[in-house]
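Okay, structure first, notes after.
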2 protein chains.
Amino acid sequence: MGKLEAYVRKGERVTIRDVALGAGVSVATASKALNEQGRMTVETRERVQRVAQRLGFRPNAMARALVAQRSFTLGLLTNDTYGRFTLPVVAGLSAAMADRGVSVFLCAVEDDPERVRLNLNAMEDKRVDGLVIAGKRIDRALPIALPPQRMPVVYVNAACPPQGVGFVPDDDGGAYAAVTHLLGLGRRRVTHVSGPRDFEAVGLREQGWRRALDEAGLPVPKAALFGSWSEGFGYETGHALMRTPRAADRPDAVFCGNDQIARGLIDALMHLGVRVPDDVAVVGFDNWEIFAQATRPPLTTVDMELKELGSQAGLTLLDMIDGKPVTEGLQRRPCRLAVRQSCGGQAR
Amino acid sequence: MGKLEAYVRKGERVTIRDVALGAGVSVATASKALNEQGRMTVETRERVQRVAQRLGFRPNAMARALVAQRSFTLGLLTNDTYGRFTLPVVAGLSAAMADRGVSVFLCAVEDDPERVRLNLNAMEDKRVDGLVIAGKRIDRALPIALPPQRMPVVYVNAACPPQGVGFVPDDDGGAYAAVTHLLGLGRRRVTHVSGPRDFEAVGLREQGWRRALDEAGLPVPKAALFGSWSEGFGYETGHALMRTPRAADRPDAVFCGNDQIARGLIDALMHLGVRVPDDVAVVGFDNWEIFAQATRPPLTTVDMELKELGSQAGLTLLDMIDGKPVTEGLQRRPCRLAVRQSCGGQAR
DNA sequence: CTGAAAGCGCTTACAG
DNA sequence: CTGAAAGCGCTTACAG
């Protein structure tokens with residue numbers, strides 16, 4: 001058995017044929033031995049496995065796919081090229097899938113229907129078992145002309161058609177948790193500053209904020225303030241808020257619709273000599289480390305658990321592929337509050 | 001020909017057999033017709049193509065791969081989960097590859113050798129034609145135990161072994177361009193503030209800065225300042241710089257090692273009442289939109305052209321796969337200066 | 001010009 | 001217990 005390597009033509013990849021030859025069995029037997037299928041003497045099975053090991057045999061997944069009618073491959077289509085929202089999703093998806101032997105193709109499509117077509121065709125040609133379509137906002141669909149051939153599809157952070165399956169963060173719940181945390185720390189006048197009204201996420205976060213105040217029996221201090229997702233808007237609003245004549249009407253906490261707004265707002269407060277969190281506590285949304293950590297003090301913020309979202313989406317897709325029943329419609333997955341210092345006091 | 005669909009078993013994917021049946025030719029002929037191979041009457045060829053079209057036939061890429069001994073598939077391994085540097089690379093790679101019919105598997109591996117092994121095995125099983133390995137700093141290798149089977153590999157933003165092929169941004173050139181631009185605008189005392197010394201990129205950017213000053217016959221005003229890649233460091237340094245006793249010793253421009261430092265530095269200057277760019281011009285590095293745009297005034301900064309880097313890497317990998325000769329070693333690709341307002345005056 | 005055969009690398013009934 | 005055969009969906013010499 002020392003001359004095992006003689007069986008494999010040099011430079012060529014080792015195939016199951018080489019293994020069979022080396023173990024002195026048929027290809028069929030080799031296959032069964034390697035896959036723990038069929039009945040045979042342990043001696044044979046082990047011999048085959050030993051040879052395979054020795055030769056560094058790795059079965060050709062495409063050949064297997066051809067017979068299994070299953071490629072153990074997924075496609076990920078996204079228009080979020082900057083990846084701020086999508087990359088964690090992909091990382092979570094990719095990791096969860098890798099553990100199950102499935103690999104994922106990444107298709108960056110911008111918002112160009114032509115590129116969508118191109119990539120969708122590629123995914124069809126490669127016979128992916130399913131598709132995840134990831135966007136950057138939950139109320140917009142990608143310009144996708146019906147994935148082909150009834151291929152299973154799950155949507156993440158994107159609009160999901162009537163009978164579809166989709167995952168998004170629970171914006172309402174995340175907001176509720178943030179505001180509740182603030183209230184638990186004794187804050188009573190919690191204002192909300194957020195992005196553009198036409199984002200569904202904005203409405204949901206506002207709703208969670210409102211719900212928390214209601215349940216605590218607090219009056220909603222003043223309508224939430226809506227603008228853009230930018231630091232600039234946070235900065236202006238910080239100034240505007242502090243311009244309120246009676247101090248008792250000023251907020252003692254601000255729940256922001258994203259971390260950039262929170263960052264700008266904190267800068268404004270600092271600029272005005274208002275102490276954070278002592279005078280005004282601030283909480284953000286996104287847990288975008290680069291902002292959350294750079295803020296002085298570091299920002300308490302809602303984490304959307306995007307990795308988890310990606311892995312859930314993948315697992316569900318696998319179930320669909322296996323023909324298992326999955327719950328239809330949009331699922332809102334829990335967010336997690338990342339507590340740092342801007343909210344004042346880790347606990348109460 | 002109206003009953004063409006009768007040839008394809010319902011629910012099943014249409015194969016070349018269905019096309020052949022529908023066109024009344026053999027599978028071999030159908031194949032040749034579709035691939036524009038071999039000789040046959042245009043009539044036959046067109047009939048086959050028409051039928052294929054009609055049936056929505058898409059050839060199974062895995063079956064073709066099996067015979068072509070080529071999967072038209074690439075693997076992308078990265079440890080940059082947050083994707084700040086890698087996502088543009090992937091987008092560029094993915095787009096360029098899609099145009100050539102090759103798809104890319106994304107493997108997010110963190111820095112865990114176990115996951116690297118797992119994903120590398122998956123890539124081998126799937127018989128990818130090549131691998132691109134993308135990192136987040138040019139002087140660190142990923143913990144990769146020799147890609148298997150002499151598979152072609154190209155490195156991006158990562159250390160590259162002796163005989164390897166790699167692509168990184170031209171840090172020296174980018175810095176040189178930035179500083180030259182500043183000098184062209186009349187600045188004479190250009191200081192450099194950057195990240196940790198042990199990053200190779202830091203050394204290269206410093207070198208470009210120095211070179212530009214030398215060529216202009218200007219003395220290097222003072223040693224560059226090295227710290228961390230953070231806003232905080234930029235902020236502190238901004239203060240420190242302005243503390244210099246004699247005004248004539250203070251810089252009239254600062255070239256920063258990244259956009260975060262630039263951002264912090266600008267904040268400090270603003271805080272001190274120093275006008276940007278009037279009193280001090282500032283240039284960053286990275287062109288990370290979220291910072292470059294949020295800065296007041298918007299930041300002039302060096303763009304590393306990461307998308308381009310990704311597409312170049314992919315194209316080169318394709319050449320290697322095709323057995324074409326490619327230039328060995330690390331290639332430093334040009335950066336581009338994104339001119340905004342923080343440098344003062346778009347032109348001279 | 002067209003088709004039968006062999007083969008890419010595997011797996012899976014089905015015989016022996 | 002083991003192996004020959006057929007087949008997954010294609011392509012490519014090679015005959016006719």
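Computation of the quantities below employed the complete heavy-atom set of this structure, encompassing side-chain atoms and omitting hydrogens, waters and symmetry-equivalent molecules. All values derive from a computational prediction rather than experimental measurement. Just so it is clear: chains get the letters A, B, ... in the order the sequence lines come, proteins before strands, and each one is counted from 1.
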Report task. For B/Phe72 and D/dG9, give me the distance from atom CZ to atom P, rounded to whole Å. Result -> 20 Å
**Report entry** Residue mapping more 5' on DNA chain D - nearest nucleotide basis, B/Gln37 or B/Ala63
**Finding:** B/Ala63
Query raised in the report: Would you call A/Asp99 and B/Arg115 a salt bridge, taking side-chain N to carboxylate O under 4.0 Å as the test?
Result: yes
Query raised in the report: Backbone N or O of A/Ala96 within a donor-acceptor pair of the A/Arg100 side chain at under 3.5 Å?
Result: yes
Report task. Provide, to the nearest angstrom, the distance between the CZ atom belonging to A/Arg39 and the P atom belonging to D/dG3. Result -> 17 Å
Requested in this report: Would you confirm whether A/Asp319, through its side chain, and A/Val326, through its main-chain N or O, come within 3.5 Å as a donor-acceptor pair?
Outcome: no
Could you list all N or O pairs between the protein and nucleotides 14-16 of chain D that sit under 3.5 Å apart?
none

**Report entry** Proximity to the side chain of B/Ser26 - top-ranked nucleotide from C/dG3, D/dC10, C/dT12
**Finding:** C/dG3
Query raised in the report: Between B/Thr44 and C/dC1, does any side-chain N or O lie under 4.0 Å from OP1 or OP2?
Result: no
Query raised in the report: With a non-hydrogen cut-off below 4.0 angstrom, is A/Val27 in contact with a base, only sugar-phosphate, or nothing?
Result: base
**Report entry** N/O (side chain, B/Gln69) to phosphate O (OP1/OP2, C/dG9) under 4.0 Å
**Finding:** yes
Query - Side-chain N,O (A/Arg64) to OP1/OP2 (C/dT11) below 4.0 Å - result: yes
Report summary line: Between B/Arg45 and A/Phe57, the residue closer to the 5' end of DNA chain C by nearest nucleotide is B/Arg45
Query raised in the report: Of the nucleotides D/dT11, C/dT2, C/dG9, which has the atom closest to the A/Leu66 side chain?
Result: C/dG9
Report summary line: Testing D/dT11, D/dT2, D/dG3 for proximity to the side chain of A/Ala28, the answer is D/dG3
Query raised in the report: Can you check whether A/Thr29 has a side-chain N or O nearer than 4.0 Å to OP1 or OP2 of D/dG3?
Result: yes
Report task. Quickly work out the A/Glu124 CD to D/dG9 C1' distance and round it to whole Å. Result -> 15 Å
Report task. Count the heavy atoms of every other residue, nucleotide or ligand shown that sit under 6.0 Å from CD of A/Gln163, and state whether that count exceeds 12. Result -> no
Requested in this report: Send over the distance from A/Leu34 CG to D/dG3 P, rounded to a whole Å.
Outcome: 14 Å
Query raised in the report: Distance-only, no hydrogens or angles: does the B/Arg47 side chain make a donor-acceptor pair with backbone N or O of B/Ala23 under 3.5 Å?
Result: yes
Query raised in the report: Does A/Asn60 have a side-chain nitrogen or oxygen under 4.0 Å from the phosphate oxygens OP1 or OP2 of C/dC8?
Result: no
Requested in this report: Measure the distance from CZ on B/Arg70 to C1' on C/dC8 and round it to the nearest whole Å.
Outcome: 16 Å
Query - Whole-Å distance separating the CG atom of B/Asn35 from the P atom of D/dT12 - result: 7 Å
Requested in this report: Decide if atom CD of A/Glu36 counts as having more than 12 heavy atoms of other residues, nucleotides or ligands within a radius under 6.0 Å.
Outcome: yes
Report task. May I have the distance from B/Glu46 (atom CD) to C/dT2 (atom P), rounded to whole angstrom? Result -> 13 Å
Query raised in the report: Can you tell which of C/dT11, D/dG9, C/dG9 lies closest to the side chain of B/Val67?
Result: D/dG9
Query - Any donor-acceptor pair under 3.5 Å from A/Gln49 side chain to A/Ala33 backbone - result: yes
Query raised in the report: In whole Å, what is the span from the CZ atom of B/Arg127 to the C1' atom of C/dC8?
Result: 12 Å
Query - Paired nucleotide for C/dA15 [Watson-Crick or G-U wobble; both distances under 3.5 Å] - result: D/dT2
Query raised in the report: What integer number of Å spans the P atoms of C/dA4 and D/dG7?
Result: 16 Å
Query raised in the report: Is the shortest distance from a Lys or Arg side-chain nitrogen in B/Arg70 or B/Asp322 to a carboxylate oxygen in the other one below 4.0 Å?
Result: yes
